[in-house]
Every structure is written in structure tokens, then in C-alpha cells.
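Structure record follows, encoded as C-alpha cells.
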There are 2 protein chains.
Amino acid sequence: MKSEIDIEFSNEGVIHEDVVRKALSEQPAEELLADLADLFKNFSDTTRIRILSLLISDEMCVADITAALNATQSAISHQLRILKQSRLIKSRRAGKIVYYSLADEHVKTIIAMGLEHITE
Amino acid sequence: MKSEIDIEFSNEGVIHEDVVRKALSEQPAEELLADLADLFKNFSDTTRIRILSLLISDEMCVADITAALNATQSAISHQLRILKQSRLIKSRRAGKIVYYSLADEHVKTIIAMGLEHITE
DNA sequence: ACAACATATGAACAACTATTCATAAGTATA
DNA sequence: TATACTTATGAATAGTTGTTCATATGTTGT
């Protein structure tokens, strides 16, 4: 009997079965890849990446972000919500004002990584 | 006269002018951020990230990718075109078969980076 | 030249997304 | 509590995007 793990895929039209089998066995779990796509979705919109880029400098309140990006308060607020739900940013309230900041260092690293790729 | 660089932003509603000024002065160019968003767009779709993840293991032909991902040949082909236009992958032809592979190491690094963020 | 096979591409459609507009919710101060 | 101010949110809309279907292009062998 075989000691190999059984990898499932439709054999239909496969040309190099060994390559497919190997690649699939080395793949991260399907769910991880979905989460990964969701993570990168946050960086795939100009408004959101501009917000994140601003927050690398310092924490900022909604009004300041809005002015800095020359956008609508509503648009910024909507995007902040998305970023917060993805746990990339966090917020703290001081009276009427809500300050947003990066949730951890990863955002910095990912953006730096991307910039490196582009400006090489 | 002032020796500072003049940063433009609508003063409307600004609360902490110094913070806005500082953040804006540290920002990458507008165009760079747009390119960055475009780069991450490639990783923000499950099909595309699954393709990239497969290609980390080895170069693969369209038929094999199609089978491995249990998708349509057309869908894969369309996404391969997008990835190629973004210069994340390259292709070589051997007869009827076209093999795709990662264009450079950055893809690996970016995916690894993302996985690290998720699985921490 | 023809048949068989691998890949690419254009058009159409459904699903998703970002913005706007109007308004609500939360907070401070008079 | 009335007002002004900051932020959040729901609905509507316009624009974008991924997949499918049909078909074209390119390649090999007969």
C-alpha cells in the first residue's frame, strides 16, 4: 500500500501529473489562501492604501485624514471601517474626535515590501 | 522667507495641521501609491493568488494549472494574462504548451509576508 | 492541407465595490 | 436641553471585475 498522501484534483486534461501532485501538496490550505486574498484586498484600493500610508507617520483623526486625502468624510469613514474590520488599524476616542492608528507593524512591512518591488 | 517645502491640502476641517503636514511630507508620491495598489490587486483575488502559490513550487503549463485549481481553461488564461501584464509571471512556449513561472522572487516574499501576518 | 490539441481572446453577464447623499449617533459646551 | 461639532451608517448608484461561452490563434503530426 502507498504511504503517500492522496491529493485530489480532476485528472481531466492534466499533462504533467507529477508536477501537479507536487505543487498541490506544497500548497497552503485553501482557506489560508482565501484569507490571504482578503488581506491583500485591503491594500488594493488607492484610498485605503493612502490611509494606511498616512498612518505609518502617525495616528490621525478622521477629519485630518479626510483633509489630507482631499476626500469626503463619508468615504474615509467607510474605508476606515473596512480596515478596522480587517484588524489592520485600531481606533481610540478622545471626546468628539476618533484617532486611528496601525494595529501592528505588519502593515509597514507589507507596504515597504511592495514599494521595494515597484521601485527596483 | 521660509525654507520649508510647501505641502498642499485643503485646510477645510483640519484639526491638527502639524500632523497632517508631517504625514503628507512623508508620503510616497501619489503615483507610487497607485502603482502599489495595482500591485496588491494581483494578490487580492483567490484565483490569482492560487495560481501564484502554485507557481512557487514549479513552472506549470496552463492545462495543469487549470486541473490543479479545478477551474475553466478560459478563466485561468484570463487571469494569467493579468498576472503577466503586471510582470509577476513570465511564460515560455514549448510547442503547443505554454509554461508559466514566477518572474522574480518578490512574489514569494510578498506571499510569505502575508501568510506570516495571518498565521501569527 | 487537415485533424487534433493547447492556449488566447472578445463579448456578455452577474457579482462586487467605492463613492455620494442624507441622516443618525455620540460628545462637548453654552 | 439646545446647539455645534465629529464620526458613523444605510441606501442608491455608477464603475469595476471575474467567469462563462463561443470562437480564434497557434502548433504538431499525419
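By convention in this document, chain letters (A, B, ...) are assigned in the order of the sequence lines, proteins followed by strands, and residues within each chain are numbered from 1.
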Rounded distance (Å) that lies between atom P of dT17(D) and atom CG of Asn42(B): 11 Å
For the side chain of Thr47(A), counting heavy atoms from C-beta on, which of dA18(C), dA8(D), dG18(D) is nearest? dA18(C)
Whole-Å distance, Leu69(B) CG to dT20(D) P, equals 12 Å
Reported CZ-to-CD1 distance for the pair Arg48(A) and Ile89(A), which is rounded to 0.5 angstrom: 11.0 Å
Report the relative orientation of the aromatic rings in Phe40(A) and Phe43(B); use parallel for angles under 30°, tilted for 30 to 60°, perpendicular for over 60°. tilted
Nearest heavy-atom neighbours spanning Lys41(A) and Ser44(B): CE-O, 3.2 Å
For the pair made of CD1 in Ile97(B) and P in dC5(C), what is the distance, rounded to whole Å? 13 Å
Check the distance between dA8(D)'s C1' and Lys84(A)'s NZ and give it to me in whole angstrom. 11 Å
N or O in side chain of Tyr100(A) less than 4.0 angstrom from dT6(D) OP1/OP2: no
Rounding to a whole Å, what distance do you find between Leu80(B):CG and dT19(D):C1'? 14 Å
Verdict with reasoning, His16(B) to Tyr99(A), per ring-ring contact (aromatic ring centres under 6.0 Å, His included): CA-CA 11 Å; His16(B) 311 85; Tyr99(A) 294 92; 5.5 Å; yes
Closest non-hydrogen atom pair, His106(B) against Glu120(A): CE1-OE1, 2.9 Å
Contact under 4.0 Å: Arg81(B) side-chain N or O vs dT7(C) OP1/OP2: no
Taking CD1 from Ile65(B) and P from dA6(C), how many angstroms apart are they, rounded to a whole number? 14 Å
For the pair made of CD1 in Ile82(A) and P in dG10(D), what is the distance, rounded to whole Å? 13 Å
Taking only nitrogen or oxygen atoms into account, show me every contact under 3.5 Å that the protein makes with nucleotides 21-29 of chain D, one pair per line with its distance.
{"unit_1": "dC21(D)", "atom_1": "N4", "unit_2": "Ser74(B)", "atom_2": "OG", "d": "2.6"}

Rounded to whole Å, how long is the line connecting atom CG of Asp64(A) with atom C1' of dC5(D)? 14 Å
Atom CG of Leu52(B) and atom CD1 of Ile110(B): how far apart are they, to the nearest 0.5 Å? 9.5 Å
Criterion side chain to side chain contact (heavy atoms under 4.5 Å, CB included) on Arg21(B) and Asp18(B), from CA distance to verdict: CA-CA 5 Å; Arg21(B) 205 170 285 281; Asp18(B) 51 329; 5.7 Å; no
